[in-house]
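Lettering follows sequence order; numbering is per chain, from 1. Note that the coordinates shown come from a computational prediction; the quantities given were computed from them, not determined experimentally.
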There are 2 protein chains.
Amino acid sequence: MKKKREGKTTSKIFDDHDHGMCFDDAIEQIENYFLKKNLQFTPLRRKVFEILIRDHKPLGAYEILEALGRDGFSSSPPIAYRVLDFLMEHGFVHKIQGLNAFIACSNPNHSHSPAFVICRKCEKVAEVDEKKSGISFNSPNIDNFEVEKTTVEMTGVCTTCSRAATI
Amino acid sequence: MKKKREGKTTSKIFDDHDHGMCFDDAIEQIENYFLKKNLQFTPLRRKVFEILIRDHKPLGAYEILEALGRDGFSSSPPIAYRVLDFLMEHGFVHKIQGLNAFIACSNPNHSHSPAFVICRKCEKVAEVDEKKSGISFNSPNIDNFEVEKTTVEMTGVCTTCSRAATI
DNA sequence: CTGATAGTGTTATGTTATAACATGTTATGA
DNA sequence: TCATAACATGTTATAACATAACACTATCAG
Ligand SMILES: [Zn+2]
Ligand SMILES: [Zn+2]
Ligand SMILES: [Zn+2]
Ligand SMILES: [Zn+2]
């Protein structure tokens, strides 16, 4: 299962986006979405989303709360959980079940069943496209069971970490 | 939440096994496995597994602890978590992330990446075979990322519950 | 016998999430 | 414009889930 790659030492999936762009795009997309849907993109909601998109990595609810506190917002638990629920409903945030953490969506405004690749050493997380990842998640309908939501998480060790371990 | 069973109204995936057989087989399989591997199938471990396989439904750690207490074992949290970790390591128990609950494996002694179908109304859970479910999880290797473990959970509403809702 | 390992027990604490209720703010629409 | 409903945020308390750290016993190899 081990492939060597000279030149490129990092897992591409973790590094293949221009995050400067990503940040600006994401803010713009969420603004437009809320405008179009007549939903309030309140300072609190904006702040929570900014906290998540800033470093674009999974954060626990209590980490988000700390950040909110530092920025002058209330930092009692329901504040974070309510906003996170709201952002998740609208597809701008996903929960990583394996980490009890939340992450900004990498591909909002497209209906999608996200899959996540999680390095258990460095805890980097990548949201991967179903097709791209080679997962085919073909059958949303299992024997008349109506699937509403899928959770797909792949945990392992990324190239960077596995190289670091063997040096 | 009552079950009607005229003809064939239930989702087959939830009902297609003879649980009497399942229970006996499961106990026998786990005994044999531990024997072969020279591992101790202690009274505590046996009891935890029995609790899980008895009704063959997901149970929270604290529910298991209550049951242990009723049967004369210690019911402090580490007791359950340690045994559950042990049973999970050996593939006889899986964790349902979406429910913070644990369930006896439906197909032990076969290396497998289980997928779960979860009804959010009745909380019934079925462990489904990858092939059977139509999920093909073909690519364990994503851009050099070495996948060690996959979590696949499909949440929705089962036929029984969806019929009940529309009556 | 001695020291290592494994299994269980116990206490305390850490972490994650929600219930319940209070207060302010923004539409709606007689 | 004034009631009222819906929404958003704030606060306190508590529930639910999970682990750290250490103690005690049994087993067994050297
Ligand atoms: Zn997404
Ligand atoms: Zn890594
Ligand atoms: Zn299984
Ligand atoms: Zn159901």
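For the strand DNA chain C, secondary-structure stems (runs of at least three Watson-Crick or G-U pairs, all distances below 3.5 Å) span C:1-30 with D:1-30.
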> Given F23(A) and H56(A), is the ring-ring contact (aromatic ring centres under 6.0 Å, His included) satisfied, shown in steps?
Replying inline: CA-CA 8 Å; F23(A) 183 94; H56(A) 210 168; 9.6 Å; no

>> Quick one, Q40(B) with R45(B), criterion side-chain contact (heavy atoms from CB on, under 4.5 Å). Give me CA distance, side-chain angles, the key distance, then yes/no.
In response: CA-CA 8 Å; Q40(B) 302 182 52; R45(B) 288 170 179 171; 4.0 Å; yes

> Is there a side-chain contact (heavy atoms from CB on, under 4.5 Å) between R82(A) and D85(A) once you walk through the steps?
Replying inline: CA-CA 5 Å; R82(A) 279 193 297 229; D85(A) 283 346; 5.6 Å; no

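A ring pair (Phe, Tyr, Trp, His ring centres under 6.0 Å) with F86(A) is found for exactly one of Y81(A), F92(A), F34(A), F49(A), namely F34(A).
Atoms CD and OG1, from E148(A) and T155(B) in turn, are 8.0 Å apart once rounded to the nearest 0.5 Å. To the nearest 0.5 angstrom, K47(A) atom NZ is 12.0 Å from L52(A) atom CG. Atom CZ of F102(A) and atom CG of L84(A) lie 5.0 Å apart (nearest 0.5 Å).
A ring-centre distance under 6.0 Å is found for H94(A) and F116(A). Aromatic rings from H90(A) and Y33(A) are positioned such that their centres are separated by under 6.0 Å.
Applying the side chain to side chain donor-acceptor pair (under 3.5 Å) criterion to S75(A), with sequence neighbours excluded, gives no partner residue.
For the segment residues 62-71 of chain A, the set of residues with a heavy atom within less than 4.0 Å of an atom of DNA chain C comprises Y62(A), in numerical order.
One interatomic measurement links the two molecules: CZ of F86(A) to P of dA6(D), which rounds to 17 Å at whole-angstrom precision.
Considering every non-hydrogen atom in both P114(A) and E127(A), the closest pair reads CB-OE2, 3.4 Å.
A donor-acceptor contact shorter than 3.5 Å is absent between the side chain of E146(B) and the backbone of V157(A).
Of the two residues contacting DNA chain D, namely R45(A) and D85(B), the nearest-nucleotide position lying further toward the 5' end is that of R45(A).
Evaluation of the salt bridge (charged side-chain N to carboxylate O under 4.0 Å, His left out) test over residues 19-35 of chain A, restricted to residues two or more places apart or in two chains, returns E31(A)-R46(A).
The phosphate of dA17(C) has OP1 or OP2 within less than 4.0 Å of a side-chain N or O from N100(A). For the OP1/OP2 pair of dC17(D) and a distance below 4.0 Å, the side-chain nitrogens and oxygens of K95(B) include no atom meeting the criterion.
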> With the sugar-phosphate defined as primed atoms, P, OP1 and OP2, and the base as all remaining atoms, what B/S/- string results for nucleotides 25-30 of chain D, 5' to 3', for protein heavy atoms under 4.0 Å?
Replying inline: ------

Under 3.5 Å between N/O atoms: give me all the protein pairs with nucleotides 9-11 of chain C, atom names plus distance.
residue: dG9(C); atom: N7; partner: R82(B); partner atom: NH2; Å: 2.6
residue: dG9(C); atom: O6; partner: R82(B); partner atom: NH1; Å: 3.0
residue: dT10(C); atom: OP2; partner: S74(B); partner atom: OG; Å: 3.4

